Protein chains: 2
Amino acid sequence: MPRSVDVARLAGVSQKTVSRVLNNEPYVSVEVRRRVLSAADQLGYRLNNAARALASGRTRSIGVVSLGTALFGPASLLIGVERAVRDAGYALRVVNTMEGDSSGIAGAVESLLEQGVDGIVISEPIDEQTDEQTDEQTEPVRVDVPVLVLGAPSAFAAPRVVATGVSTRLLARVATEHLLDLGHASVHHVAGPQHWYAARDRLEGWRAALRERGCHEPPVQHGDWSADSGYAAGRELAGDGEVTAVFAANDDMAIGVIRALVEARRRVPEEVSVVGFDNVPVAAYITPPLTTVRQPFDAVAAEGIKLLVHAIEQPGADLPTASGQPVELVVRASTAPPPRTTPGRRRTTSG
Amino acid sequence: MPRSVDVARLAGVSQKTVSRVLNNEPYVSVEVRRRVLSAADQLGYRLNNAARALASGRTRSIGVVSLGTALFGPASLLIGVERAVRDAGYALRVVNTMEGDSSGIAGAVESLLEQGVDGIVISEPIDEQTDEQTDEQTEPVRVDVPVLVLGAPSAFAAPRVVATGVSTRLLARVATEHLLDLGHASVHHVAGPQHWYAARDRLEGWRAALRERGCHEPPVQHGDWSADSGYAAGRELAGDGEVTAVFAANDDMAIGVIRALVEARRRVPEEVSVVGFDNVPVAAYITPPLTTVRQPFDAVAAEGIKLLVHAIEQPGADLPTASGQPVELVVRASTAPPPRTTPGRRRTTSG
DNA sequence: CTGAAAGCGCTAACAT
DNA sequence: ATGTTAGCGCTTTCAG
């Protein structure tokens with residue numbers, strides 16, 4: 001493996017000059033730069049990042065703590081993060097925390113810190129297990145690099161938390177209002193697992209919309225993001241004659257709900273409208289095509305990483321460019337006005 | 001930041017002994033080990049990986065070149081890879097190659113090599129652009145670490161390629177045979193983009209099944225994995241009265257196909273059967289529930305990483321434990337026997 | 001079982 | 001605009 005001294009020798013310059021060229025530092029003549037580059041190329045020279053990191057104290061890498069799930073949301077967010085990190089000239093290191101992991105986020109952060117990262121992204125964190133027995137005096141990790149928390153405020157206590165993701169509450173609200181605007185008396189909700197901030201956030205958005213319109217708040221169905229759980233919730237809902245509109249916290253659950261309704265001979269959208277969340281690629285092609293709201297994952301990731309990199313490179317004041325992403329409701333065929341009912345003659349199931 | 005000498009001082013031992021303890025090297029008395037560990041804990045000591053890498057020449061990290069897509073297959077594979085890598089005690093670095101990337105895989109590999117990785121995983125590679133103008137004398141990257149290619153043989157020329165992923169051909173074959181077994185005269189295929197090895201592989205599996213049974217091979221429809229493209233293919237297929245069975249190269253496209261058929265008033269599965277590929281989580285909940293084949297992503301990733309780590313740690317002979325994964329066809333409601341037709345009276349659309 | 005010395009390949013400060 | 005001198009914090013010999 002050729003080292004920078006080898007390049008220097010071949011180019012007839014000092015080793016430091018090679019370093020200058022490779023780091024695009026100023027004060028290098030064009031001629032020398034050319035010679036160095038050519039020598040490096042000729043030798044097939046590759047910079048040794050470990051040495052660079054050791055000497056400079058910076059690794060030029062960012063670590064991300066992500067959920068080990070192929071769910072559309074987390075997966076899309078990770079892709080956005082990788083792209084943004086790479087564009088910023090950093091390398092990406094990934095640690096997944098499986099749900100129910102004992103060490104959890106703290107352990108993942110610890111391992112990233114040990115690897116040496118200049119910044120950390122915590123993507124869509126879920127609440128730590130606060131079981132009594134797990135609490136073996138877990139002293140909080142000492143985090144000395146900036147941390148970007150994507151999708152949950154205050155989920156991680158660290159000195160340098162730079163941004164605390166997007167609120168999907170507004171999106172949930174828009175989804176709910178869409179149904180209300182169609183004339184539905186109220187909207188049922190199939191929520192995600194409540195130890196996910198994203199799930200709680202959407203639930204609150206739904207609740208807020210209902211309150212503002214003075215609508216009755218029906219009991220919440222709880223799912224785990226899977227179509228499977230949506231199906232289970234849908235079976236409950238299908239038995240309730242009051243249900244005319246359902247907002248599911250993600251598209252997969254919405255698909256499960258629709259399936260349950262269809263099996264129960266409740267027509268979608270004629271009898272029951274369903275709205276999802278995410279706009280997964282197949283949303284437009286299921287039957288009926290699903291009305292949903294699109295999440296701007298790439299934009300969120302890009303903006304977050306911009307902030308994080310800023311915090312890494314200029315540890316001064318940070319710019320809270322909370323440039324609100326546009327809300328995009330995608331209306332398809334799964335939503336419609338409620339079935340006509342003569343007021344007063346409406347059959348009620350609730351006691 | 002405390003260093004290992006600080007720990008040594010506090011524990012009253014030499015710095016080398018600290019190193020021994022932290023690396024679980026033998027020949028350290030229990031008492032000394034305890035003292036060192038306690039001192040390290042007390043100081044909040046964290047090993048510096050850059051220094052370790054510089055001194056040892058190994059980074060204990062593995063790099064993965066992945067596609068920047070949230071498609072179920074690639075995303076699932078990445079998760080499996082992360083898990084396996086972590087279980088093996090390595091860190092994971094990720095570089096995505098966006099489709100149509102000019103530098104492509106070679107560039108991604110180069111950047112991983114510069115970061116310093118002990119091994120490289122190339123996940124589901126697509127063919128490099130072989131356009132004339134892109135061929136600017138791209139000298140092949142000099143790769144001096146073992147490489148694991150997941151999902152495509154010989155896609156990357158390197159001295160130490162250890163394994164060359166699973167063949168999905170067999171799975172495609174099983175899917176096709178399922179339709180043939182139901183009594184269909186032939187099976188149409190909606191293929192993935194042909195610069196993906198996975199797509200070609202499945203196409204060949206389909207073709208092999210047809211050939212073996214002496215079936216006529218209808219023209220192939222080409223998609224890009226999206227439900228959108230499946231829908232377009234489905235519209236073509238819907239217009240052809242001969243079509244009674246369709247095998248799509250992934251579930252998303254299958255969903256698109258079904259949508260197109262439904263819109264064209266061709267009933268699934270009564271008139272046309274559809275089989276997908278992957279067993280995405282919603283497959284069971286669309287209408288009709290989709291028959292598909294499951295891919296064992298986790299097992300594939302685990303086995304591949306096992307091989308890679310072996311190649312890294314014992315650069316001797318490698319064990320080709322090609323322990324074939326079990327094939328799993330998931331039969332649901334989207335497939336059924338073909339509609340009854342009186343021989344000779346069948347309406348034909350083709351000229 | 002434990003320790004001392006010698007780097008790993010680079011960047012950071014200070015020359016020149 | 002370029003070169004010199006010190007380390008960065010570990011692991012690796014090699015001695016005890």
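It should be emphasised that the depicted structure is a prediction, and the values quoted were computed from it without experimental measurement. Note on naming: letters A, B, ... go to the chains in the order of the sequence lines (proteins, then strands), and numbering restarts at 1 for each one.
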Distance-only donor-acceptor test (3.5 Å): side chain B/Arg46, base D/dG9:
no
Residue mapping more 5' on DNA chain D - nearest nucleotide basis, A/Gln15 or A/Tyr27:
A/Tyr27
Would you tell me if any nitrogen or oxygen in the side chain of B/Ser19 comes within less than 4.0 Å of OP1 or OP2 on D/dT11?
yes
So which nucleotide from D/dC10, C/dG9, C/dT11 ends up closest to the side chain of B/Ala51?
D/dC10
By nearest nucleotide on DNA chain D, pick out whichever of B/Lys16 and A/Ser29 is the more 5' one.
A/Ser29
Integer-rounded Å distance: D/dT2 P and A/Leu22 CG
15 Å
Could you check whether B/Arg34 pairs with B/Glu31 (Lys NZ or Arg NE/NH1/NH2 to Asp/Glu carboxylate O, under 4.0 Å)?
yes
Check the distance between C/dA12's P and A/Leu54's CG and give it to me in whole angstrom.
12 Å
Nearest-nucleotide pick for A/Asn48, side chain only, options being C/dC8, C/dG9, C/dT2:
C/dG9
What's the closest nucleotide to the side chain of B/Arg20 if the choices are D/dG3, C/dG9, C/dG3?
C/dG3
Counting just side-chain N and O atoms, does B/Ser56 come under 4.0 Å of either OP1 or OP2 of D/dT11?
no
Rounded to whole angstroms, how far apart are CZ on A/Arg52 and P on D/dC10?
21 Å
Answer with base, sugar-phosphate or nothing: what part of the nucleic acid does B/Asn23 contact at a heavy-atom distance below 4.0 Å?
sugar-phosphate
Between CD of A/Glu31 and C1' of D/dA1 the distance, given in whole Å, is 13 Å
To the nearest angstrom, how far is A/Arg3 atom CZ from C/dG7 atom C1'?
11 Å
Quick one: do B/Tyr90 and B/Val117 satisfy side chain to side chain contact (heavy atoms under 4.5 Å, CB included)? Show the steps, please.
CA-CA 10 Å; B/Tyr90 284 73; B/Val117 290; over 6 Å; no
Can A/Asn49 and A/Arg60 be counted as having a side-chain donor-acceptor contact under 3.5 angstrom?
no
Does a side-chain N or O from B/Thr17 land closer than 4.0 Å to OP1 or OP2 of C/dG3, or not?
yes
Nearest whole Å is fine: how far is C/dC10 P from B/Gln115 CD?
16 Å
Can you check the B/Arg9 CZ to C/dG3 P distance for me, whole Å?
14 Å
Measuring from atom OG1 of A/Thr59 to atom CZ of A/Arg93, what distance do you get when rounded to the nearest 0.5 angstrom?
5.0 Å
N/O (side chain, B/Ser14) to phosphate O (OP1/OP2, C/dT2) under 4.0 Å
no
Checking all strands, does A/Val13 fall into the base, sugar-phosphate, or nothing category for heavy-atom contacts under 4.0 angstrom?
sugar-phosphate
Heavy-atom nearest pair, B/Leu112 first then B/Val64, reads CD1-N, 3.9 Å
Rounded to whole Å, how long is the line connecting atom CD of A/Glu114 with atom C1' of D/dG9?
14 Å
